[in-house]
Structures are given as C-alpha cells and as structure tokens.
There are 2 protein chains.
Amino acid sequence: MNQYSILQSSAPMPGPKTPKTRKGLATKAKLLEAAEAEFGERGYHDGSIVEITRRAGVGLGTFYVYFESKEAIFRALVTHMGHETRTFIARQVEDAPDRLQAERAGMRAFFHFARAHKNLYRIVMESQFVAEDSYRAYYEAFAEGYRRNLEIAADKGEIRDGDSGIRAWSLIGLSVFLGMRYAVWDESTDLEAVVDAASDLIERGLIVGR
Amino acid sequence: MNQYSILQSSAPMPGPKTPKTRKGLATKAKLLEAAEAEFGERGYHDGSIVEITRRAGVGLGTFYVYFESKEAIFRALVTHMGHETRTFIARQVEDAPDRLQAERAGMRAFFHFARAHKNLYRIVMESQFVAEDSYRAYYEAFAEGYRRNLEIAADKGEIRDGDSGIRAWSLIGLSVFLGMRYAVWDESTDLEAVVDAASDLIERGLIVGR
DNA sequence: TGCAAAATTGAATATTGATTCATGTTTCAA
DNA sequence: TTGAAACATGAATCAATATTCAATTTTGCA
C-alpha cells in the first residue's frame, strides 16, 4: 500500500494495461517509483527505460506491459505529483483560521514538500518541455483552486479586493521560484525565514504605508 | 549588424572558433538565428543540427566550424538572452522616478519582451534541463541586480525594509509566471491590466489595511 | 596578384536507446 | 485442481542524429 494508489483508480485510464492481479499492481508501482528516481536524477532525455527496469528489478520487456511509452510513464508521474502536492498542501492548510494564515501555511508546506521531493519537483518543471499539456493542467488546477480561495477570502473581507486570477498566478510563481532557490538549490536555508519574509511581502506590500 | 553582436566580444570565448573574416561573422550569426528558431519551435532535444544548418542555408559541416557541439550553441543562446533581457528592461526602467514606478515599468517591459520573443523565452526555461549552470547564472544575475535596486530603494525610504534577496526572487518568480500565463500562453491578454493587478498586489499587499 | 589562413561541405561513422515480439512462467477464479 | 488470462523476459529491430574528416573553395593581407 504505497503512495502510488493511482493504480486503484477505477477510471478506465487511457493507458492500455491496468494490472489485474496483485503481482501486476506491485510491478507497476515499482516501475513508477523507479521512473521517479531515474527521471528525477537524469532528466527525461537522459533517463532510460532499461535503467528504469533495472532499478525496478524487472525485465526490459515488462515496461511495455504497463506503459505505452516513455512519455506515458512520465505523464503519469506528473499527474500523480499534482494530486500529491495539492493534497498535502490542502491538509496543512485546512485548519488555518483565516486566509493570511492559510497563505503562510500553504507556502511553508510547499517549501517542505519541494525539499523532500526534489525528484518530483524537477519532473514537474521538465514536463513543460516533454508534455506541455500535462504541465499546463498541473498549474491550471493549482491556480483555479487558489483563485477560488482568494475570491472567498475577499468576499469575507479577509483580504482586499483585486483580480483573484492574476493574484493566484502571482503567488504560485512567487512560491515556485522561492522553492527552487531556497528549498531545492540551497539545502540548508532556514525555510521559516523565507516564509516570514515572503509573507510580509504579500501581506503588506512594498509601500511604506501606515 | 544584427542583434548577435556577441560575436564582436573581444574576450577569447571558450568556443574554439571565433570568425576572423566578414563572411565568418555572418555565417555564425546566421547559425545563431537559425538555432533560436529551431530550439524555440522544437525544443532542445527534438531540434536538430541538420535542420539548423538548413535554416541557416549552410552545409552541415559548417556548424562545427563555429560551435563545439549542440549544447554549446544552446548555451550561447541562453547567455545572449540574459544580456538582451536585462538590457531591454534596464532601458525601459531607467527614467522611472521611484522604485514603485520602476517595478511597474520593469514588469511591463518583461511581459512585452516575453511576448515578442517566445522562442528565447522558451530556450531560457529549457536551459534548466540542458545546461543548469547557464540557467542559474541567468537568474542569479537577474536576482542580484534586482536585490541591489531594492536595497537602495529601502535605504532611501521609498519602500519598507525587508529581506531584499528574498524579495528579489519573489518578484522574479511572480513576473516569470505571469509572463508565461498571460504573455506567452495567452496571446490576447491585455498586459496592462496584468501589470496593474500585479503592481497593486506587490505595492499594497493582501491586507485590508487602511 | 599570390598565397596562407579561413571557411565550406556532405558523405560516412558511431552510438544510443526506444520499442517489438515470440516464448515461457505465474496467478487465481471456478 | 486446472487452464485461460496475466505477467515476465531480453535479444533483435529500427530509427535517429550528433560528430568527424579529408577534400575544395573563398577571403583578405602583404
């Protein structure tokens, strides 16, 4: 029962082969796990199927029992990460008392998730060039949820009015870049300090105001 | 006398061959221009040298007279774009009366540049996976300049105090994502509206304050 | 003008790795 | 227990293309 519960999904996935037996399930999960490591470390183009199967401890041919192609498994990984990330962040945010607290919690969660899952993080980034539609879907799902939350908060009067769509993309970009710079590139940065500084910026802005 | 004046650079570039004649200069420039189109349209891995030379109207072998490898010309493009972008933005920003105006002008300039140079924009993004050091250098140069400007503005009291490094990366990420979403993906968005909404956010923040 | 350096060329080389497939093994519902 | 469906396998195929190189042409200085 590992993280790759995508497998259970009853929807008749486009992928040609959904495992029917216990063993099949296990093998597919091993392949996904191996692919995550391989693509995360070597990137999509340098990553090889043979190496994925070697890591998974199965024969080369087995790969094509579960995935149509190299690109197919890569897409599966991106979709998977989308769910994982959103779920994780939502969980960390759920009992924040208001939107500003939620922003902090969400940003903190994202940074920690990114640092703990550098491979998945890289895979999502790279999907922009391997499977652009997956990439867009990933961020559009993110942005839409974010937008809705901002909208609600504005209605409640917890934050100022403003274009929620643009704000959502702004805040996503901000977190992605801070995550890349301080959570992924720089292993040792104190993430709490980054959260504080960034929160200060998005809460109060640059203006010297009162 | 086109944009590729990198060529003139007197520094004895690592690249093995610096053209010595008028014709050589022209050929190298044609190759860079062709590579920009090819990589921009097909991406690094699907882009091919043969196709670059075809676009440039030269023989295949000619490529290796001017560039060590496929990766070398790609790197040259990234470096080139770094200069172009920073120069362009600096020019648009230079006579802003204060930092907040400069932020607006810089963001506007970036969006328009991105929309007008989608190929270069894509190449920079992709460099993260092809030549990560070029990618980092690109953004670090950006961030450092930005940081310095914020620092100066804070000293002058034009903006509130705060961590300028983190702010710089935040604002870059914000612009990069807005640029991707509204300038590159969506051809028809009114960029001025995006600048206004985003500026409102970074100037005044989310807080309902007075 | 003459010639050494610079530039041009594309066929041949060399490597790499995704995908196929025919055959053998394992699982599990009846 | 059993046999049809699922799984597993890796050698062979097939395609793609980056890079080299030896021969030829052009450029520009003395």
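Throughout, a chain's letter reflects where its sequence line sits, starting with A, and its residues are numbered from 1. The structure displayed is predicted, hence computed values, not measured ones.
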Would you mind reading off the distance between Lys30(A) atom NZ and dC7(D) atom P, rounded to a whole angstrom? 13 Å

Whole angstrom value for the distance that separates C1' of dA18(C) from CZ of Phe74(A): 16 Å

Is it true that the NZ or CZ of Lys28(B) lies under 6.0 Å from the centre of Phe67(B)'s six-membered ring and within 45 degrees of the ring axis? yes

Throw together a table of side-chain donor-acceptor distances under 3.5 angstrom for residues 42-49 of chain A, partners on residues two or more places apart or in other chains.
residue	atom	partner	partner atom	Å
Tyr44(A)	OH	Glu71(A)	N	3.3
Ser48(A)	OG	Glu51(A)	N	3.1

Any side-chain N or O of Thr27(B) under 4.0 Å from OP1/OP2 of dA7(C)? no

Could you encode protein contacts along nucleotides 13-30 of chain D as a string, one character per nucleotide from 5' to 3', using B for base contact, S for sugar-phosphate-only contact and - for no contact, with a heavy-atom cut-off of under 4.0 Å? -----SBB-----SSS--

Rounded to whole Å, the CZ-C1' distance (Arg54(A) to dT9(D)) equals 14 Å

Could you check, using the six-membered ring where one of them is a Trp, whether Tyr146(A) and Phe142(A) have ring centers closer than 6.0 angstrom? no

Between CZ of Arg42(A) and P of dT16(C) the distance, given in whole Å, is 12 Å

Examine dT9(D): is either OP1 or OP2 under 4.0 Å from a nitrogen or oxygen in the side chain of Thr62(A)? Give yes or no. yes

Looking at Glu41(A) and Arg55(A), does any basic side-chain N land under 4.0 Å from a carboxylate oxygen? yes

Given the side-chain rings of Tyr182(A) and Phe111(A), with only the six-membered ring counted for Trp, is the space between their centroids under 6.0 Å? no

Within this structure, what is the CD-CD1 distance for the pair Glu38(B) and Ile123(B), rounded to the nearest 0.5 Å? 10.0 Å

Output the rounded distance in Å from NZ (Lys28(A)) to P (dA8(D)). 12 Å

Looking only at side-chain N and O atoms, does Tyr66(B) come under 4.0 Å of OP1 or OP2 in dA6(C)? no

